[in-house]
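Below, read A as the first sequence line, B as the second, and so on, with proteins coming before strands; counting in each chain starts at 1. Just so you know, these numbers come straight off a predicted model, no measurement behind them. These values consider heavy atoms only, across backbone and side chains, with no hydrogens, waters or symmetry-generated copies.
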There are 2 protein chains.
Amino acid sequence: MKIGELARESGLAPSRIRFYEREGLIGSIDRGLNGYRQYSRGTRQVLEIIVMAQQAGFSLDEIRNLLPPHGKGDWSRDTLVAALKTKVVEVAALRHRLAETQAGLEAVIARIEATPPGGDCFENAEAVLADLRDHAKAG
Amino acid sequence: MKIGELARESGLAPSRIRFYEREGLIGSIDRGLNGYRQYSRGTRQVLEIIVMAQQAGFSLDEIRNLLPPHGKGDWSRDTLVAALKTKVVEVAALRHRLAETQAGLEAVIARIEATPPGGDCFENAEAVLADLRDHAKAG
DNA sequence: CTTGACCTTAAAGTTTACTTTAAGGTTAGG
DNA sequence: CCTAACCTTAAAGTAAACTTTAAGGTCAAG
């Protein structure tokens with residue numbers, strides 16, 4: 001699979017995929033005799049995870065440290081399991097973060113909706129923010 | 001309240017508060033005879049809401065459209081609530097997908113770990129990737 | 001009345017996360 | 001063979017969200 005095809009499938013620009021390679025988020029991969037990059041299917045999975053993590057607010061730097069070390073094409077059973085477990089940890093982290101975000105948003109919505117239409121926003125804002133802080137601590 | 005005090009209370013740098021003013025996120029406020037900015041308590045609430053919105057993934061541009069026309073008092077509650085609810089739906093959808101991804105990954109790990117050690121790694125890897133692909137499509 | 005901690009502005013600099021450009025090599029179709 | 005659509009690289013450009021710098025005004029304390 002060449003970079004154009006991977007780009008179409010993943011929805012990312014080729015420049016972005018090359019950028020992620022330069023930044024060490026995806027390992028440098030096989031090249032054809034012509035120098036073209038040849039991707040395996042797994043790369044698309046990695047890209048999806050990167051995008052998801054970004055959507056949850058992780059920086060590329062954080063994501064790089066989250067992803068399994070990619071140096072060896074040597075996938076023993078143990079390394080495969082370790083990599084998958086690393087991914088589970090990552091996904092769990094994303095879910096945790098999103099749960100906090102959602103709780104925070106819902107608290108704000110509930111507060112605003114409980115406010116009488118003519119009321120002073122900032123009087124209630126105090127309580128809203130107290131709620132948010134509680135959620136942040138609880139989550 | 002001068003900008004330094006507001007900065008301490010809100011945890012934001014003074015430069016950041018001035019930046020938000022330039023960008024139209026907070027209205028231009030009263031000035032003392034010396035030209036110093038004089039903030040009301042409400043400004044602190046606005047700043048905290050801006051930060052919360054950012055954590056939820058809103059850009060400053062989106063936040064600017066979310067906040068009230070700087071007249072004063074009530075921003076359009078309905079617009080704000082609608083935007084927040086849209087965001088909650090997005091976050092919830094992402095969480096749902098991540099939950100499926102995590103379940104899928106854990107199932108794959110369990111299967112590999114149940115495989116006798118003598119098995120062919122790449123045979124397994126092949127199946128793993130097929131699983132991941134199916135799962136990605138299903139989710 | 002000077003010192004130091006504030007405040008002011010405009011403008012330039014920084015970081016992150018890319019995209020675009022320039023200059024060129026490769027491959028498939030007519 | 002030519003053309004168009006791919007691919008390659010390094011380097012420069014961009015946008016968002018700030019921060020830092022430069023050059024100065026204000027104010028309370030000693």
Check: B:Ser10 side chain, B:Leu6 main-chain N or O, donor-acceptor pair, under 3.5 Å: yes
Distance check needed: D:dC7 C1' versus A:Arg8 CZ, whole Å only. 12 Å
Taking OP1 and OP2 of D:dT8, is either one under 4.0 Å from a side-chain nitrogen or oxygen of A:Gln38? no
Euclidean distance, atom OH of residue A:Tyr39 to atom P of D:dC6 [Å, nearest integer]: 16 Å
Interatomic distance where CZ belongs to B:Arg18 and P belongs to C:dT8 [whole Å]: 5 Å
A:Phe19 side chain: which of C:dA17, C:dT27, D:dC7 is closest? C:dA17
Does B:Gln38 reach the main-chain N or O of B:Met1 with its side chain, forming a donor-acceptor pair under 3.5 Å? yes
The side chain of A:Lys2 is closest to which nucleotide in this list: D:dC7, C:dT9, D:dC27? D:dC7
Separation between CD1 (A:Ile17) and CG (A:Leu12), nearest 0.5 Å, reads 5.5 Å
Closest nucleotide among C:dT19, D:dA17, C:dT27 to the B:Ser59 side chain: D:dA17
Sugar-phosphate only, base, or nothing, as touched by A:Arg37 at under 4.0 Å among non-hydrogen atoms: sugar-phosphate
Any idea which of D:dC18, C:dT27, C:dC7 is nearest the B:Tyr20 side chain? D:dC18
Between B:Arg22 and B:Ile3, which residue's closest nucleotide on DNA chain C lies nearer the 5′ terminus? B:Ile3
Whole-Å distance, B:Ile17 CD1 to D:dT19 P, equals 10 Å
Between A:Pro14 and A:Leu33, name the one whose nearest nucleotide on DNA chain C is closer to the 5' end. A:Pro14
Is it true that a side-chain atom of A:Glu62 and a backbone atom of A:Ser59 form a donor plus acceptor pair closer than 3.5 Å? yes
Round to a whole Å and report the spacing from CZ of A:Arg31 to P of C:dT26. 14 Å
Candidate nucleotides D:dT8, D:dA17, C:dA17, ranked by approach to the side chain of A:Leu60 - the nearest: C:dA17
So if I take every side-chain heavy atom of B:Ser15 and compare against D:dT19, D:dC7, C:dT8, which nucleotide ends up nearest? D:dT19
Among D:dT26, D:dT8, C:dT9, which nucleotide sits nearest the side chain of B:Tyr36? D:dT26
Can you tell me if B:Arg37 uses its side chain to pair, donor with acceptor, with the backbone of B:Lys2 under 3.5 Å? no
Can you tell me how far P of C:dA28 sits from CG of A:Asn34, to the nearest Å? 9 Å
